[in-house]
Q: 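Dropping the structure in here first, questions after.
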Amino acid sequence: MAASRGKFSNKFGFIAAAAGSAVGLGNIWKFPFEVGKGGGSAFLIVYLLFSFVLCYPILVSEIAIGRRAQKSAALAFKPLGHPNWSIIGILGVFCAVVILSFYNVVSGWVLGYFVEMLLGNFEIGHHFEEYVTDIAEVGGYALAFLIGTAYIVSQGITKGIEKFSKILMPVLIIIILVLTIYALTLDRAMDGVKFYLVPDFSKLNLNVIYRALGQSFFSLSLGLGALMTYGSYLSRKENIVSAGALITIADVGIAFLAGLMIFPFVFSQGIEPEGGAGLIFMTMPGIFQSMGPSLGVIIGALFFLLLAFAALTSTISLMELPVAYMVDKHKIKRKYAVWYSAAVIFLLGIPSMLGNGYSEFFTNFITYVGADKPVNFMDFVTDVASNTLLPFGGLMVSIFSIYVWNRHKLFRELSHGHPKFPRTFLAKYISFSLQYISPPVLGAIFIITILEIFFGVQIF
Ligand code: PHE
């Protein structure tokens, strides 16, 4: 049935789509505020380690599993001879729906800020907290964004996803580079750079490790089968190992650059780096304002517009998971699967929308045992789906690919498109990490954080 499922036309199409999935709000909105909350450089270092040592090998396995099976995440395990493992794929579909429900809300904020920048309303930076309680407005933008995503996904693989990814990513990188250079010329910029880059391990604790791990998975679109699904559309002529490396480097590189851009801006305006989910929305408008009215409008609108496109290539890949599942498993028409998913995702997103000050209940949603402050609904679902379940999915992928499917079959699949692979250094690196690093590290963090963070059991 492969033909009717659609295919990427070539390697560049796949890399653009996979990198488009990886690069999104996770890099430019979430990464900086997580760094801010996690004490700066301490978070950055742990994040870099996790991304390269642990996540890259899992990313390669995910793509290999998807390509071998020629099925989307939830159905990939059966053709490999292990139908019981489908539960991991289904868990991934669940995570995608949950993550997309709040991701879409933030995408709506981005769209709203794009319009505010066009109108020259730079003051909006000081009014983020009021802005997100205007439910009619943020709800409208979120709905518009979701409809855009659904429309593209309903158009199918090659026509929809590739076209958008290819053009816009490079433009976004250029604009961030230019803004980074500007950032570094500002007063107090160096305080920001210091906060971001000078190692300070006194800030390191379990919470930082937990969040940095979740961020690595989230940012690489890993642990829920998104790349498995994209891998299923990839031809066997292509080299997964090098494509995976490129995706990882691009994703981490852009997050790193976003941090280098944002912290000088944050410090030069005297904003608190611990500001949380509003960080870029509070910081960037003031910067555009400082460029003068006309340049500020142009650069500001362009920045939020491109950010919206970066978010779109990620929401497309998130929506692809429930859709591909329904199409592959239940033979539902793609169009119906798309609009059905969109409706569920929108409804699920409502508590995230309300939980930023509008509704007391969703704003102070839950206080973890032993914590002193409650977290809002969006933080709670981030903790469950992204910080906990994605690394758990990654743990399962590493165990599956080394022990269950087994290393020889993984290596054989990776050799398609790269015949010399088994004799390379990367082969040793990947199998060592999957075998000796992922299972103990991910397993330990999973158990310890569930006990400590969710149940308040004091281990350290
Ligand atoms: N990686 C995307 C980002 O950083 C988010 C995402 C997560 C997309 C999981 C797909 C799957 O914005």
Q: So Thr248 and Cys55, do their side chains get closer than 4.5 Å, heavy atoms only?
A: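 In short, these two side chains do not touch, never coming nearer than 4.5 Å.
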Q: Closest heavy-atom contact between Lys373 and Thr367?
A: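 Closest pair (atom of Lys373, atom of Thr367, distance): O-CG2, 3.9 Å.
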Q: What are the two closest heavy atoms between Leu434 and Ser398, and how far apart are they?
A: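 Scanning both residues, the minimum pair turns out to be CD2-CB, 3.7 Å.
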Q: Rounded to the nearest 0.5 Å, what's the gap from CG on Leu54 to CD1 on Ile437? Could you check?
A: 6.5 Å
Q: Counting only heavy atoms not in Tyr403 (residues, nucleotides, ligands), do more than 12 fall under 6.0 Å from its OH?
A: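 Yes, OH of Tyr403 has more than 12 neighbouring heavy atoms, counting only those of other groups under 6.0 Å.
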Q: To the nearest 0.5 angstrom, please state how far the OG atom of Ser232 sits from the NZ atom of Lys71.
A: 8.5 Å
Q: Is it the case that more than 12 heavy atoms not belonging to Lys335 sit under 6.0 Å from its NZ atom?
A: no
Q: Could I get the full list of side-chain hydrogen bond (donor to acceptor under 3.5 Å, both in side chains) partners for Thr315, not counting sequence neighbours?
A: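 By the side-chain hydrogen bond (donor to acceptor under 3.5 Å, both in side chains) rule, Thr315 matches Thr149.
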Q: Write down the atom of Asn239, the atom of Gly417, and the distance for their closest heavy-atom approach.
A: CB-O, 3.4 Å
Q: In terms of side-chain heavy atoms, does Thr363 have a donor or acceptor partner in Asn376 at a distance below 3.5 Å?
A: no
Q: Can you check whether Tyr196 reaches Phe43 side chain to side chain, under 4.5 Å on heavy atoms?
A: no
Q: Can you list everything that forms a side-chain hydrogen bond (donor to acceptor under 3.5 Å, both in side chains) with Lys203? Sequence neighbours excluded, please.
A: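 side-chain hydrogen bond (donor to acceptor under 3.5 Å, both in side chains) list for Lys203, sorted by chain: Asp200.
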Q: To the nearest 0.5 Å, what is the distance between OG (Ser341) and CG (Leu318)?
A: 11.5 Å
Q: The criterion is side-chain hydrogen bond (donor to acceptor under 3.5 Å, both in side chains); which residues satisfy it with Tyr141, sequence neighbours excluded?
A: none
Q: Just wondering, do Ile445 and Pro391 contact through their side chains at under 4.5 Å, heavy atoms?
A: no
Q: Count the heavy atoms belonging to other residues, nucleotides or ligands that lie under 6.0 Å from OH of Tyr429, then report whether that count exceeds 12.
A: yes
Q: Within a 6.0 Å radius of atom CZ on Phe52, are there more than 12 heavy atoms belonging to other residues, nucleotides or ligands?
A: yes
Q: Can you run down the ring pair (Phe, Tyr, Trp, His ring centres under 6.0 Å) pairs that involve residues 368-394, sequence neighbours left out, and say none if there aren't any?
A: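 As it turns out, the ring pair (Phe, Tyr, Trp, His ring centres under 6.0 Å) pairs with a partner in residues 368-394, which skip direct neighbours, are Phe362-Phe377, Phe365-Phe377, Phe365-Phe380, Tyr368-Phe454, Phe392-Phe446.
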Q: Apply side-chain contact (heavy atoms from CB on, under 4.5 Å) to residues Phe94 and Leu389 and explain how you reach the verdict.
A: CA-CA 10 Å; Phe94 167 79; Leu389 290 177; 4.1 Å; yes
Q: Which atom names give the shortest non-hydrogen contact between Ala18 and Ile247, and what distance separates them?
A: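 Scanning both residues completely, I find the closest heavy atoms to be CB-CD1, 3.5 Å.
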Q: Can you confirm whether Tyr325 sits close enough to Thr229 that some side-chain heavy atom of one is under 4.5 Å from a side-chain heavy atom of the other?
A: no
Q: State, yes or no, whether a side-chain contact exists between Val252 and Tyr47 at a heavy-atom distance under 4.5 Å.
A: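 Heavy-atom side-chain distance check passes, below 4.5 Å.
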Q: Please give me the minimum heavy-atom distance between Ile262 and Pro32, naming the atom from each residue.
A: CG2-CB, 3.6 Å
Q: Run Ser433 and Ser438 through side-chain contact (heavy atoms from CB on, under 4.5 Å) and show every step you take.
A: CA-CA 6 Å; Ser433 169; Ser438 296; 4.2 Å; yes
Q: Is it the case that over 12 heavy atoms from other parts of the model lie below 6.0 angstrom from the CG atom of Leu177?
A: yes
Q: Hey, what's the ring geometry for Phe421 with Phe411, parallel, tilted or perpendicular (30° and 60° as the breaks)?
A: perpendicular
Q: Holding to side chain to side chain contact (heavy atoms under 4.5 Å, CB included), I want the full list of residues that pass it with Glu238, two or more places apart in sequence or in another chain.
A: Lys11, Arg67, Leu234, Ser235
Q: Taking the six-membered ring for Trp and the single ring otherwise, decide whether the centroids of Phe281 and Tyr113 are under 6.0 Å apart.
A: yes
Q: Do Ile209 and Phe50 have side chains that approach each other closer than 4.5 Å (heavy atoms only, starting at C-beta)?
A: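 Yes, side chains in contact.
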Q: With no hydrogens and no angle check, is any side-chain donor or acceptor of Lys331 less than 3.5 Å from a backbone partner on Asp328?
A: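 Present.
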Q: For the pair Val35 and Phe31, evaluate side-chain contact (heavy atoms from CB on, under 4.5 Å) and give the outcome as yes or no after the intermediate values.
A: CA-CA 6 Å; Val35 173; Phe31 176 74; 3.6 Å; yes
Q: Tell me, do Ser41 and Leu197 make a side-chain contact under 4.5 Å, heavy atoms counted?
A: no
Q: As a quick check of understanding, evaluate side-chain contact (heavy atoms from CB on, under 4.5 Å) for Tyr230 and Ser21, giving each step before the final call.
A: CA-CA 10 Å; Tyr230 274 11; Ser21 167; 4.2 Å; yes
Q: For residues Glu452 and Leu206, determine if any side-chain heavy atom of one lies less than 4.5 Å from a side-chain heavy atom of the other.
A: yes
Q: Under the 3.5 angstrom rule, does the side chain of Thr283 hit a backbone N or O of Ile280 as a donor-acceptor pair?
A: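 Side chain of Thr283 to backbone of Ile280: no pair is present.
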Q: So how far is it from Trp29 CH2 to Tyr103 OH, rounded to the nearest 0.5 Å?
A: 8.5 Å
Q: Among all residues two or more places apart in sequence or in another chain, which pass the side-chain hydrogen bond (donor to acceptor under 3.5 Å, both in side chains) test with Ser51?
A: Ser216
Q: Classify the ring geometry of Phe263 against Phe195: parallel below 30°, tilted from 30° to 60°, perpendicular beyond 60°.
A: tilted
Q: Do you know the tightest heavy-atom contact between Thr388 and Asp383?
A: OG1-O, 2.7 Å
Q: Relative to the ring of Phe102, is the ring of Phe218 parallel (under 30°), tilted (30 to 60°) or perpendicular (over 60°)?
A: parallel
